[in-house]
Number of protein chains: 2
Amino acid sequence: METITAEDYIKRIYSIERHSNFASTSSIAKALEVSDASANDMMKRLSEQGYVKYIPRKGVQLTKKGKIIALKIVRRHRLWEMFLVKFLGYSWDEIHNEAERLEHVTSESLEARIDKALNFPTVDPHGDPIPTANGELIETEYQLLNDCEKGSAGIISRVSDKSPEVLQYLKNIGLGLQTKLKIVDKISFDGSIIVKANKQIIPLSPKLAQCIFIQPVTA
Amino acid sequence: METITAEDYIKRIYSIERHSNFASTSSIAKALEVSDASANDMMKRLSEQGYVKYIPRKGVQLTKKGKIIALKIVRRHRLWEMFLVKFLGYSWDEIHNEAERLEHVTSESLEARIDKALNFPTVDPHGDPIPTANGELIETEYQLLNDCEKGSAGIISRVSDKSPEVLQYLKNIGLGLQTKLKIVDKISFDGSIIVKANKQIIPLSPKLAQCIFIQPVTA
DNA sequence: ATATAGATTTAGACTAACCTAAAAAATAAT
DNA sequence: ATTATTTTTTAGGTTAGTCTAAATCTATAT
Ligand SMILES: [Mn+2]
Ligand SMILES: [Mn+2]
Ligand SMILES: [Mn+2]
Ligand SMILES: [Mn+2]
């Protein structure tokens, strides 16, 4: 049985691996805000317990066993996020930390009931895909808003859930999942993107646009 | 900040105190299924942290600080139980263990939202009172079914939540909260209680009847 | 090729929980 | 009033998780 702490490590390794193949001690430590020594300790423990393959001085890779846990926790996290929004009226900027704790105290039965109550959702409130009960995850690759061309149109399909501030700001200016927008201009000297959405002209800083992922539409 | 373990100790001390004034080391140990030595350790820790007054060789008593935590956790436990029943279709015999974990990962905000979603319930699915947000608990003293007289009538108002088996059995024979019943007979040689409920004659063992609390009605 | 910087690991220590086995104190029984 | 039993506490040990400081290894730069 995994402890709450171990589950969070495993989940983080999973997300680091998606970019880097190997998850280094220091990247894990930084992501979880613990010392390198602590992360190193945990890698030894997780390796002994078969959750990761630990290659000293290189980093770790999740084993099949580790990946199963990671996807389980990600699934529960995203189901909870959806549940908090749909059943308790939370907005998308308030749910991450709640889900970060709830994900660790969720039985198979509770997971299944939440899934059913939500009518088996495929994405969470940030547009991130929810792994299926048997651990399959279909990642759709959307286009970064920054990379969209002037004149093109698209639908907001995923938003980075890293920063509550960004999410709150987007909510305030009326941008959310499924919002349709058109890129009316791209300012070359500072990288700003000017979009039209909800019949409004909205300027977005490059840092903000970096948080928004688009499904292009031809319209 | 309290750990999950400490919260469970505090909650248990609270419930023991309701009968015994002092909670002895061994009573706590037995209730939480840990060794006496472990419980003794924890009493020292809780006492240092001001949650209990520890009188060596006698036992502990919750301080005001401890009582506040106890009631907070009890509140969250019972709100979650109600929520699981009302929003996720759980039955009253399946909810205790889920709530036992969820109670520890519930923020003020989540607690408030659940409370609101349930329209501010005053009792949980077992008829136990839910402490208010500011820590008030109104205990209604019901009559034990065993103590009801032959010929008297009443409404099931509280059921012991100690055993899921009992709860499941009661569900199966059609007895639940608010069920109206009449004591048609009391068998002296084994202590059985024969009741009439839902137009059926139902015999209840003394052990079972001990789990049922009645609000008498004159009818 | 060697020095320096950066990342990783080890060493040693701490806290919260837990355990078993033994000691000490309080109760109950003779 | 002793003795026996039960309860409580202490002593000593374990595991998970954390830390800082020191050591070691790797990669980069001159
Ligand atoms: Mn988490
Ligand atoms: Mn999310
Ligand atoms: Mn609990
Ligand atoms: Mn209950």
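Just so it is clear: chains get the letters A, B, ... in the order the sequence lines come, proteins before strands, and each one is counted from 1.
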With sequence neighbours left out, write down each residue that passes side-chain contact (heavy atoms from CB on, under 4.5 Å) with [X], or none if nothing qualifies.
X	result
B:Pro206	B:Asn146, B:Ser192
A:Glu48	none
A:Lys207	A:Ser205, A:Gln210
A:Ala37	A:Ser35

Could you check whether any side-chain N or O of B:Ser20 sits under 3.5 Å from a backbone N or O of B:Ile16, counting only pairs where one atom can act as donor and the other as acceptor?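 Indeed, once roles are kept as given, a pair shorter than 3.5 Å links the two residues.
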
Please report the distance, rounded to the nearest Å, between [atom1] in [X] and [atom2] in [N].
X	N	atom1	atom2	value
A:Met43	C:dT10	CE	P	14 Å
B:Lys58	D:dT6	NZ	P	22 Å
B:Leu46	C:dA16	CG	C1'	11 Å

Go through the structure and list residues passing side-chain hydrogen bond (donor to acceptor under 3.5 Å, both in side chains) with B:Arg12, not counting sequence neighbours.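 By the side-chain hydrogen bond (donor to acceptor under 3.5 Å, both in side chains) rule, B:Arg12 matches no residue at all.
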
What parts of residues 50-57 of chain A reach DNA chain C, counting only heavy atoms under 4.0 Å away? A:Tyr54, A:Pro56, A:Arg57

Kindly state which residues belonging to residues 13-22 of chain B come within less than 4.0 angstrom of DNA chain C, counting heavy atoms of the residue only, listed by number. none

Results of salt bridge (Lys or Arg N to Asp or Glu O under 4.0 Å) for [X] - residues two or more places apart only:
X	result
A:Asp115	A:Arg75
B:Lys150	B:Asp185
B:Glu94	A:Arg113

OP1, OP2 of [N] versus side-chain N and O of [X]: anything below 4.0 Å?
X	N	result
A:Ser24	C:dA7	no
B:Ser26	D:dT8	yes
A:Asn40	C:dT8	no
B:Lys44	D:dT10	yes

For nucleotides 16-20 of chain D, tabulate all protein N/O to nucleotide N/O atom pairs closer than 3.5 Å, reporting atom names and distance.
residue : atom : partner : partner atom : Å
D:dG17  : OP1  : A:Thr3  : OG1          : 2.2
D:dG17  : OP2  : A:Arg45 : NH1          : 2.6
D:dG17  : O5'  : A:Arg45 : NH1          : 3.3
D:dT18  : OP2  : A:Tyr9  : OH           : 3.1
D:dT18  : O4   : A:Asp41 : OD2          : 3.2
D:dC19  : OP2  : A:Ser35 : N            : 2.9
D:dC19  : OP2  : A:Ser35 : OG           : 3.0
D:dC19  : OP2  : A:Ser38 : OG           : 2.4

B:Glu100 bridged to B:Lys11 by N-O distance under 4.0 Å: yes

Listing request: all ring pair (Phe, Tyr, Trp, His ring centres under 6.0 Å) pairs with a residue in residues 92-121 of chain B, at least two apart in sequence or in separate chains.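 Those involving residues 92-121 of chain B are B:His77-B:His96.
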
